[in-house]
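These notes concern the structure reproduced below.
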Amino acid sequence: MLGGTFDPVHIGHLRSAVELHEALTLDRVHLVPASKPPLRGEPQVTSQERLALLRLGIGDTPGLVADGRELERDGPSYSVDTLASLREEYGSQARLVMALGHDAFLRLTEWHSPGRLFELAHLVVIDRPDHKSPLSPALAELIAGREVDSPGVLMQRPAGGLLRLTLPTRLALSATAIRQRLAEGLSVRYLLPEAVERRINANSLYRDG
Ligand code: ATP
């Protein structure tokens with residue numbers, strides 16, 4: 001699972017998902033837009049629209065799935081609930097992985113039931129070029145004893161481990177930068193899939209900063 005706001009989806013998300021699929025030999029990567037992200041302001045466009053953009057962005061990419069399950073729940077979108085629902089779907093022995101960028105990982109102790117995340121899944125932290133800060137003592141304590149150094153070791157168990165991954169293509173790209181460009185009327189060509197750009201333009205999304 002790769003959760004996020006996807007406001008909007010961009011090639012940093014999509015290329016990371018493809019390379020994660022390859023690096024861990026996953027069956028599939030569920031990209032799950034948050035309906036109401038608990039730790040940030042209201043997204044600029046509706047969750048339905050963000051899911052529609054995500055579907056367009058994924059297109060027919062093998063192994064990637066646009067997963068709208070958080071849109072069906074009321075209240076804040078907690079990853080722990082999403083993982084519980086995936087665990088129920090795939091069964092107790094399936095290897096489940098929650099992937100997140102290093103920036104999101106640094107805030108993990110603020111998440112809802114962070115300890116429980118490890119009961120449900122492994123965490124895989126994807127290195128992001130612009131995000132380098134050190135871990136807080138609370139985060140170091142949360143992950144103590146969980147870190148492994150290869151996908152092979154991680155995948156020996158269904159959940160509970162932590163792996164830091166540097167994927168082959170690291171893109172210094174964020175949705176914030178894309179929203180800023182759109183608000184300023186600047187080009188976003190090649191930063192997101194063409195179909196996503198077309199829908200953003202057709203619906204005049206992200207125009208008012
Ligand atoms: P924003 O700029 O609005 O905060 P974002 O581009 O960081 O958005 P999110 O939707 O918050 O995108 O990200 C979803 C997940 O994808 C997070 O775990 C985030 O760390 C990760 N991610 C986002 N952009 C990249 C990137 N360029 N490379 C690797 N991971 C990324």
Side-chain angles (χ1 to χ4, degrees), residues 1-18 20 29-59 61 64-86 98-114 117 121 123 125-126 128-131 133 171-209:
M1 153 188 160
L2 177 64
T5 317
F6 301 108
D7 188 27
V9 66
H10 54 69
I11 59 163
H13 302 127
L14 293 166
R15 188 66 209 165
S16 295
V18 166
L20 193 69
V29 180
H30 291 246
L31 290 98
V32 189
S35 170
K36 296 185 186 62
L39 292 178
R40 54 189 290 158
E42 189 76 7
Q44 288 211 5
V45 306
T46 65
S47 47
Q48 284 78 9
E49 181 63 46
R50 289 182 283 114
L51 177 61
L53 293 171
L54 179 61
R55 285 206 174 104
L56 279 176
I58 289 177
T61 311
L64 267 49
V65 182
D67 183 333
R69 74 184 67 212
E70 291 191 359
L71 277 53
E72 288 148 27
R73 295 201 305 261
D74 291 330
S77 306
Y78 294 130
S79 295
V80 72
D81 297 331
T82 306
L83 289 174
S85 115
L86 286 164
M98 181 178 93
L100 73 181
H102 187 73
D103 56 311
F105 173 61
L106 289 175
R107 298 188 65 186
L108 193 67
T109 54
E110 299 168 47
W111 291 29
H112 191 62
S113 306
L117 294 170
L123 252 69
V125 181
I126 303 169
R128 275 182 84 172
D130 289 340
H131 300 84
S133 323
L171 292 160
L173 180 56
S174 71
T176 305
I178 288 177
R179 290 194 303 273
Q180 266 164 9
R181 294 197 136 258
L182 288 165
E184 289 168 25
L186 297 172
S187 170
V188 293
R189 184 63 52 94
Y190 308 127
L191 298 179
L192 22 77
E194 236 176 277
V196 175
E197 184 186 353
R198 251 184 269 122
R199 182 170 171 120
I200 286 175
N201 288 336
N203 295 348
S204 302
L205 304 175
Y206 304 107
R207 290 292 181 261
D208 332 308

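All values below come from the heavy atoms of this structure, side chains included, with hydrogens, waters and symmetry mates left out. Keep in mind that this is a model prediction, so the values were computed, not measured.
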Test side-chain contact (heavy atoms from CB on, under 4.5 Å) applied to Leu51 and Thr46, step by step | CA-CA 9 Å; Leu51 177 61; Thr46 65; over 6 Å; no
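- Rounded to the nearest 0.5 Å, atoms CG (Leu191) and CG (Leu171) are 9.5 Å apart.
- Side-chain atoms of Leu106 and His102, non-hydrogen and from C-beta on, do get closer than 4.5 Å to each other.
- No donor-acceptor pair under 3.5 Å is formed between the side chain of Thr61 and the backbone N or O of Leu64.
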Run the side-chain contact (heavy atoms from CB on, under 4.5 Å) check on Leu108 and Leu123 step by step: do they pass?
-> CA-CA 11 Å; Leu108 193 67; Leu123 252 69; 3.5 Å; yes
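- Within the structure, the salt bridge (charged side-chain N to carboxylate O under 4.0 Å, His left out) test picks out the following pairs touching residues 5-15 (sequence neighbours left out): Asp7-Arg179, Arg15-Glu19.
- Contact annotation: the side chain of Leu182 approaches that of Ile178 to within less than 4.5 Å [non-hydrogen atoms, C-beta and beyond].
- Side chain of Arg55 to main chain of Val65: no donor-acceptor pair is present (N/O by atom type, distance under 3.5 Å, no hydrogens or angles).
- For the salt bridge (charged side-chain N to carboxylate O under 4.0 Å, His left out) test, no residue two or more places apart in sequence or in another chain qualifies with Arg181.
- Val45 has its side chain out of reach of Pro8: every pair of non-hydrogen atoms, C-beta onward, lies at least 4.5 Å apart.
- Partners of Ala172 under the side chain to side chain contact (heavy atoms under 4.5 Å, CB included) rule, at least two apart in sequence or in another chain, are Pro129, Asp130.
- Legend: residues meeting side-chain hydrogen bond (donor to acceptor under 3.5 Å, both in side chains) with Arg107, ordered by chain and number and at least two apart, are Glu110.
- Checked against side chain to side chain contact (heavy atoms under 4.5 Å, CB included), Arg199 has the following partners two or more places apart in sequence or in another chain: Glu49, Ala52, Leu53, Leu56, Asn203.
- In terms of modelled atom types and a separation under 3.5 Å, the side chain of Arg50 and the main chain of Val9 share no donor-acceptor contact.
- The CD1 atom of Ile200 sits 6.0 Å away from the CG atom of Leu205 when rounded to the nearest 0.5 Å.
- Going from atom OG of Ser47 over to atom CG of Leu54 covers 12.0 Å, rounded to the nearest 0.5 Å.
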May I have the list of side-chain donor-acceptor pairs in residues 71-81 shorter than 3.5 Å, sequence neighbours left out?
{"unit_1": "Arg73", "atom_1": "NH1", "unit_2": "Thr82", "atom_2": "OG1", "d": "3.4"}
{"unit_1": "Arg73", "atom_1": "NH2", "unit_2": "Tyr78", "atom_2": "O", "d": "3.2"}
{"unit_1": "Arg73", "atom_1": "NH2", "unit_2": "Thr82", "atom_2": "OG1", "d": "3.0"}
{"unit_1": "Ser77", "atom_1": "OG", "unit_2": "Ser35", "atom_2": "N", "d": "2.9"}
{"unit_1": "Ser77", "atom_1": "OG", "unit_2": "Lys36", "atom_2": "N", "d": "2.9"}

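- Partners of Glu194 according to the side-chain hydrogen bond (donor to acceptor under 3.5 Å, both in side chains) rule, which considers only residues two or more places apart in sequence or in another chain, do not exist here.
- Ala84 pairs by the side chain to side chain contact (heavy atoms under 4.5 Å, CB included) definition with Leu120, not counting sequence neighbours.
- For Asp67, the side chain to side chain contact (heavy atoms under 4.5 Å, CB included) partners are His30, Val32, Arg69, Leu86, not counting sequence neighbours.
- Leu100 places none of its side-chain heavy atoms less than 4.5 Å from the side chain of Ile126.
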